[in-house]
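Data first, discussion second: the structure below is written as structure tokens.
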Protein chains: 2
Amino acid sequence: MRRMTARPANAHQARLLRLLRDGGPNSRAQLGDQVDLSRSKLAVEVDRLLETGLVVADGLAASRGGRRSHNVRLNPELRFLGVDIGATSVDVAVTNAELEILGHINQPMDVREGPVAVFEQVLSMAAKLRASGLAEGFDGAGIGVPGPVRFPEGVPVAPPIMPGWDGFPVREALSQELGCPVMVDNDVNLMALGEQHAGVARTQHDFLVVKIGTGIGCGIVVGGEVYRGTTGSAGDIGHIQAVPEGRPCACGNRGCLEAHFSGAALARDATEAAQQGQSAELANRLAANGGLSAADVAAAAAAGDATALDLIREGGRSTGQVIAGLVSFFNPGLVVIGGGVTGLGHNLLAAIRTQVYRQSLPLATGNLPIVLGELGPTAGVIGAARLISDHLFSPA
Amino acid sequence: MRRMTARPANAHQARLLRLLRDGGPNSRAQLGDQVDLSRSKLAVEVDRLLETGLVVADGLAASRGGRRSHNVRLNPELRFLGVDIGATSVDVAVTNAELEILGHINQPMDVREGPVAVFEQVLSMAAKLRASGLAEGFDGAGIGVPGPVRFPEGVPVAPPIMPGWDGFPVREALSQELGCPVMVDNDVNLMALGEQHAGVARTQHDFLVVKIGTGIGCGIVVGGEVYRGTTGSAGDIGHIQAVPEGRPCACGNRGCLEAHFSGAALARDATEAAQQGQSAELANRLAANGGLSAADVAAAAAAGDATALDLIREGGRSTGQVIAGLVSFFNPGLVVIGGGVTGLGHNLLAAIRTQVYRQSLPLATGNLPIVLGELGPTAGVIGAARLISDHLFSPA
DNA sequence: GAACTTTCTCCTCTGAGTGGACAAAGAGGG
DNA sequence: CCCTCTTTGTCCACTCAGAGGAGAAAGTTC
């Protein structure tokens, strides 16, 4: 199949495409209710979209008491590629234009191997999805990387945990390989977009998404739009001081949040505790696996291990301490906790909530939900698809 | 004079009014260069604005090598009232439509006396300005209060330092009294608007303004617009923890920034130091004035008093600690320090800078100016005038 | 089968906006 | 002083987006 290259010609068409993306097949009449255009003008724009092939007829809908309506929908052959590069694994997924996941692969990986090796892996994963018949090609791709990005150019800048990626033209390179438009963003921002599109943040305009994985980052959404900051490093909260004179951090300071609580820090602390004989449960797991991960701590806590629970509570306290400051400052309508450590579940959440509600003022916390993300590992790839579709479904 | 009641009829007219506000008198040709409209359309809109009386002809400009242009300008008889209510004083100013201050009064006051008493004072100050011939009436007024505001309604909510104001219909009441449109906002947000309009932040889109006065607050500007948060309490950073297990705060917690550094905290610490004989300089001033203020500390530091300097440095360190976190999170392009304690000047600034540059990552601080506000006590009233003019100069 | 609903199309009308022609007013050179 | 060039401002004809109404098409309900 030839890939679509058409783009909406004006703001109305862009608006219609997004409505069809978010609301599925729709009749002209239903679209008209949402879009504040006369029926005649609406018909003209829909017809033009049909001509471009971005939108296709989708049969007759059931009657609502009168003439049955002719539905239209986004072309079901459109395909987006969503890529979420983490510190230690990659997610690649194919979606249709309505951002439904048609196929999803996760593989372990190490970003520190550099862009060339990682790209090869991503492309072979994409090829695999294509070979399985899910897509003949891609109309657009979104990709998230675990570090700051100069967004307009789609280039990582000074990423601490991904040496070798600084200045690598991710957007340009991937666009060449795939032959389609590409947008690049920070992985946390994509997670925020994902939760906004299909998760817990669907109705929110101003919210935060705190992703606790190998590192810690925060996605910021202001007025429904992702806020990226002046140099693309907004939300980089891993190095905010959580514990004065605390543990030394790779950044050179002491007491950074990331040094006290993150997938890596938790594994380290659990290993120490096991080695010092503080927990038989953790020691057993250490012996069995030759190492400990956040998942081991979660399992131990679930099994009632007090040491594991303490580690989680202490981490939640540090995290809550930092989030409390952000809540006072930003006054969000929602805080979403996500990332690898969400396996720690409600123990973690409870510790964070306690700290935030204690430290922030009532006006800011009064009606503030603090919840776990709803989409788990798919948040990133859905956000990636959303990113590129927002780009493509905007006036040329 | 009859007050203007006209409003721009469309976005073009609003745009033109703002250009004239920010750029002063202008010819049609110059306006056309900035506005991306054909000369014919532009002429039509300018003519309509002339008809409303919002804009008036302003004679001929010098030739630029051809026919001389007919300048137009905002009606020079338009008057805005800017009111900045602080914790311990009020500023009231009159501006023209170009937001130039024509008259400015400052008087001591105590917000805790409640809205009725404060309103009376504000109205008598406004009457005084009017009586001096600066205005025959007001076309709009902006007013700032030292606490969170439900912005759309113009009503303070749960303001900690201003009991009695909770839910008081400031906008409605002032509008009735003055007979003109009124907008209400947090005093810190107005300071940010002021510095954006006429101060150090003129070219910035994303920046923070930290106001250190009786309390501490932060104005947040995102994409050129003030961000107010979900419940209007965004920027309320006074109760972020700066010192773990630090001084008890009125809010019930310990170690809040405001408990360690603010006009009130500084006066308290200086008094303690003086009483304990740590500083002869401060003790002298205490004896002379019967009390100490931030200004005394500034004077003592300027005179070389080591204790005063230490107090300032320590306060700057705490403030810098909190700002460092905000910088990591928000990645602003500029941080402005303002409010009463800016009298402490460069000693304070240096301490803040040191702490921020040490604690935040290079990508966020690399090109980040941290500067004192440029407008001093006029920032608030200019911001107030800007607030109402933004409101009036937007499509009806 | 009649009356009422809903959907969609077609046609006419309005008003925003463009762009070109032209007039007005000045600068500068020979 | 006159001619040419430049800039500014006005007028007018033309295009196109969009609104809104009439009416056809297709169903439902009684």
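Reminder, nothing fancy here: chain letters follow the sequence lines and each chain counts from 1. Here the structure is a predicted model, which means the values were calculated and not measured.
Whole-Å rounding puts the A:Arg67 CZ to D:dA26 P distance at 6 Å. Computed from coordinates, the A:Gln13 CD to D:dG18 P distance equals 10 Å when rounded to whole Å. Going from atom CZ of A:Arg68 over to atom P of C:dC8 covers 12 Å, rounded to whole Å. Distance NE2 (B:His70) to P (C:dA24): 12 Å, rounded to an integer number of Å. Atom CG of B:Leu60 is separated from atom C1' of D:dG9 by 12 Å (rounded to the nearest Å). Atom P of nucleotide C:dG17 and atom CG of A:Asn10 are separated by 16 Å, given to the nearest angstrom.
Rounding to the nearest 0.5 angstrom, the gap separating the CZ atom in B:Arg39 from the CG atom in B:Asp33 is 10.5 Å.
Contact annotation for A:Ser63: backbone-only contact, meaning every heavy-atom pair under 4.0 Å involves sugar-phosphate atoms and none involves a base.
For A:Ser69 and C:dT7, the shortest distance from a side-chain N or O to OP1 or OP2 is not below 4.0 Å. Contact check, A:Arg28 against C:dT9: a side-chain N or O comes under 4.0 Å of OP1 or OP2. Residue A:His12 places at least one side-chain N or O under 4.0 Å from the OP1 or OP2 atom of D:dG18. Taking 4.0 angstrom as the limit, A:Arg64 places a side-chain polar atom (N or O) nearer than this to OP1 or OP2 of C:dT7. The side chain of B:Arg39 places no N or O atom within less than 4.0 Å of a non-bridging phosphate oxygen (OP1 or OP2) of C:dG19.
Among the candidates B:His12, B:Gln13, B:Arg15, the single residue satisfying the side-chain hydrogen bond (donor to acceptor under 3.5 Å, both in side chains) test with B:Glu45 is B:Gln13.
Side chains of A:Val72 and A:Leu31 form a contact here, defined as non-hydrogen atoms less than 4.5 Å apart.
Along DNA chain D, the nucleotide closest to A:Lys41 and the one closest to B:Gly65 are compared, and the more 5′ of them pairs with B:Gly65.
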